[in-house]
Amino acid sequence: MKLDTAPKIRRDRGQRERAILVGVQLPGEPTSYRAPLEELSDLADTAGADTLDRIVQRRETPDPRTFMGKGKAEEVGRRLKELDADLVIFDHDLSPSQARNLEKVVGGRVIDRTELILDIFVRRASSAMARAQVELAQMEYSLPRLKRLWTHLNREVGTAKAGIGVRGPGEKQIETDRRLVRKRIRDLKRSLETMQAHRVRQTRARGRYFTAALVGYTNAGKSTLLRALTGADVLIEDRLFATLDTTTRAWEISPGRRIFLSDTVGFIRDLPHHLVSSFLATLEEARFADLLIHVVDAADPDVLDHIDVVDRTLYEIGAGGVPRIHVLNQVDRVQDTLTLRLLEERLPEGLKTSALEGTGISALRDKVHEYVTRRHVDVVIEGDPGNGRLLSQLREWGEVREVTYPDSVVRVDVRIAPRYLARIENAGGRVIEDGTAPADD
Ligand SMILES: Nc1nc2c(ncn2[C@@H]2O[C@H](COP(=O)(O)OP(=O)(O)OP(=O)(O)O)[C@@H](O)[C@H]2O)c(=O)[nH]1
Ligand SMILES: [Mg+2]
């Protein structure tokens with residue numbers, strides 16, 4: 001089957017596309033402090049299109065047929081011709097019929113925000129899992145729009161039959177296509193399940209270790225922070241959605257004490273829900289983390305809205321209940337001190353960092369260390385001095401304070417999370433003083 005899932009932004013001729021951005025300002029929507037449609041322009045840039053013009057219309061409600069008013073849409077069409085632009089990018093999600101109607105009125109190609117974001121994900125997905133997740137999202141998005149996707153067939157039929165009584169590709173053709181797409185969706189889901197099972201095994205292998213996940217709005221500096229904290233060699237770019245896969249690295253939070261730290265895909269306002277659901281597996285890292293490190297770009301004028309978006313998205317993916325600390329990153333770039341003050345009011349516990357310059361990094365490490373060890377207990381363990389495995393396990397699980405060898409046993413003072421106590425017995429250790437027991441006075 002040849003379904004049109006090719007990138008909507010066509011850079012194949014080695015050229016960048018020329019786009020006109022269009023938005024409708026509805027009452028009650030948060031207004032950005034950046035220039036109008038700035039984020040859409042960043043998205044377009046990442047996808048390979050240059051912004052030639054931006055047109056915003058204020059409306060009480062969207063027009064059911066064309067979302068924006070028809071008169072305004074005609075104006076967009078005139079601008080498209082004047083500037084010799086390639087396409088119109090709409091800052092909202094359009095229903096399949098709205099997209100069709102707009103293309104007619106404008107007289108050119110129209111894509112919506114979801115298509116643009118899907119397009120970026122298609123281009124950037126590199127691992128098998130990310131590619132399958134993106135294709136699944138694309139297929140689910142395409143299913144109700146098949147008629148539109150197959151308009152090129154329409155045209156072929158039109159020429160063959162000289163346009164008389166042509167009913168397009170015919171309901172039968174569309175039904176066949178739908179079936180094929182549904183089958184592809186099923187296949188993708190199945191192979192994702194297999195990949196997911198493999199991942200679960202990997203995650204389980206790590207399960208006994210403390211895991212923290214970096215989460216946040218796209219471009220906040222999560223990957224830069226991962227690199228600053230763990231030395232991981234990850235992709236960092238001043239582009240939206242540089243990271244589409246989860247990377248997990250060991251992170252030494254104090255000498256000899258390691259936890260795992262994961263970098264995750266960034267969030268954005270109105271993240272297409274097909275993407276959220278197909279990326280759930282990747283986002284699982286955040287759902288099952290012991291701690292979330294929410295990274296915000298303190299220099300972004302829209303940072304307060306971005307925090308809301310991240311909070312909402314975390315809630316939607318089922319990570320709303322995971323404990324969270326906040327990092328106000330990119331402080332080296334802050335110029336607007338008012339926004340920073342508001343941000344500090346909103347997140348008084350937030351730690352200021354510059355992942356780029358390396359400031360605040362050790363304070364962040366200390367804070368995470370404190371969190372990890374906060375609910376630890378001091379216990380004394382005894383075991384056979386020949387049991388080397390016991391000692392190395394204790395070093396992995398907790399913080400070994402002292403090791404002595406009285407009366408032909410090894411005795412270890414260790415600070416450790418209570419959940420390890422049962423495992424210690426399995427590893428051949430005896431808990432002889434248990435800090436979890438209530439003090440005996
Ligand atoms: N000035 C400054 N720039 C930073 C800082 N942290 C990150 N950056 C820059 O911000 C851009 C985005 O950084 P990334 O680490 O890729 O951001 P991310 O949150 O991983 O973004 P996505 O993966 O796209 O969601 C890059 O150009 C970084 O160099 C910082 O503390 N200060
Ligand atoms: Mg990243």
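First listed ligand is number 1; within each ligand, the first listed atom is number 1.
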Query raised in the report: Closest non-hydrogen protein atom to atom 23 (O) of ligand 1, residue and atom name please, with distance?
Result: Thr243 OG1, 2.8 Å
Requested in this report: Could you say whether the N/O atoms of Lys222 and ligand 1 ever approach to under 3.5 Å?
Outcome: yes
Report summary line: ligand 1 atoms nearer than 4.0 angstrom to some heavy atom of Asn219 are 11 (C), 12 (C), 17 (O), 18 (P), 19 (O), 21 (O), 22 (P), 24 (O), 25 (O)
Query raised in the report: Around Arg58, counting heavy atoms of other residues, nucleotides and ligands shown, do more than 12 lie under 6.0 Å from its CZ?
Result: no
Query raised in the report: What protein heavy atom sits nearest atom 17 (O) of ligand 1, and how far away is it?
Result: Gly221 N, 3.1 Å
Query raised in the report: Looking at Ala355, which atoms of ligand 1 are within less than 4.0 Å of one of its heavy atoms?
Result: 6 (N), 30 (C), 31 (O)
Query raised in the report: Is Asn329 close to ligand 1, meaning an N/O of one under 3.5 Å from an N/O of the other?
Result: yes
Query raised in the report: Pick from Asp300, Asp238, Asp297: which one makes a salt bridge (Lys or Arg N to Asp or Glu O under 4.0 Å) with Arg333?
Result: Asp297
Query raised in the report: Do any nitrogen or oxygen atoms of Val331 lie less than 3.5 angstrom from nitrogen or oxygen atoms of ligand 1?
Result: no
Requested in this report: Using a strict cut-off of 4.0 Å, indicate which atoms of ligand 1 neighbour a heavy atom of Leu240.
Outcome: 24 (O)
Report summary line: Here the gap from Thr211 atom OG1 to Phe288 atom CZ, rounded to the nearest 0.5 Å, amounts to 12.0 Å
Query - N/O separation below 3.5 Å, Ala220 to ligand 1 - result: yes
Query raised in the report: Is the Mg ion (ligand 2) under 2.8 Å from any N, O or S atom of Ser223?
Result: yes
Requested in this report: Determine, stepwise, if the pair Tyr371 / Asp366 fulfils side chain to side chain donor-acceptor pair (under 3.5 Å).
Outcome: CA-CA 9 Å; Tyr371 182 90; Asp366 291 348; over 6 Å; no
Query - Thr66 and Asn101 side chains, donor-acceptor separation under 3.5 Å - result: no
Report task. Specify side chain, backbone, both or neither for Gln330, according to which of its non-hydrogen atoms lie closer than 4.0 Å to ligand 1. Result -> both
Requested in this report: Say whether Val265, considering both its backbone and side-chain N or O atoms, lies within less than 3.5 Å of an N or O atom on ligand 1.
Outcome: no
**Report entry** Selection from Val215, Thr224, Thr359, Leu225 by shortest heavy-atom distance to atom 7 (C) of ligand 1
**Finding:** Thr224
Requested in this report: Determine, for Arg16 against Asp45, whether the closest basic-nitrogen to carboxylate-oxygen distance falls under 4.0 angstrom.
Outcome: yes
Report task. Work out which heavy atom in Leu43 is nearest to a heavy atom in Leu116; give both atom names and the distance. Result -> CB-CD2, 3.6 Å
Report task. Taking all non-hydrogen atoms of both residues into account, name the closest pair between Arg401 and Asp378 and its distance. Result -> NH1-OD1, 4.0 Å
Query raised in the report: Is Glu237 touching ligand 1 with its side chain, its backbone, both, or neither, if touching means heavy atoms under 4.0 Å apart?
Result: backbone
Query raised in the report: Counting distance only, does the side-chain N/O of Glu357 pair as donor-acceptor with the main-chain N or O of Asp332 below 3.5 Å?
Result: no
Query - Check: His369/Glu399 side-chain N/O donor and acceptor closer than 3.5 Å - result: yes
Query raised in the report: Atoms of ligand 1 less than 4.0 Å from Phe241 heavy atoms?
Result: 24 (O)
**Report entry** Per-atom contacts, ligand 1 versus Arg239 - under 4.0 Å to a heavy atom
**Finding:** 24 (O)
Report summary line: In this structure, atom 24 (O) of ligand 1 is nearest to the protein heavy atom Ala242 N, 2.7 Å
Query - Criterion side chain to side chain donor-acceptor pair (under 3.5 Å) on Asp263 and Ser223, from CA distance to verdict - result: CA-CA 6 Å; Asp263 186 14; Ser223 302; 2.6 Å; yes
Query - Exercise: do Asp305 and Tyr217 side chains pair donor with acceptor under 3.5 Å - result: no
Query raised in the report: What's the spacing between Met195 CE and Arg131 CZ if we round to 0.5 Å?
Result: 9.0 Å
Query raised in the report: Looking only at heavy atoms, is any part of Asp332 under 4.0 Å from ligand 1, and if so is it the side chain, the backbone, or both, or is it neither?
Result: side chain
**Report entry** For atom 29 (O) of ligand 1, closest protein heavy-atom neighbour
**Finding:** Leu356 CD1, 3.7 Å
Report summary line: A student checking ligand 1 against Gly266 at a 4.0 Å heavy-atom cut-off should list atoms 25 (O)
Query raised in the report: Can you list the atoms of ligand 1 that are under 4.0 Å from a heavy atom of Thr218?
Result: 22 (P), 24 (O), 25 (O)
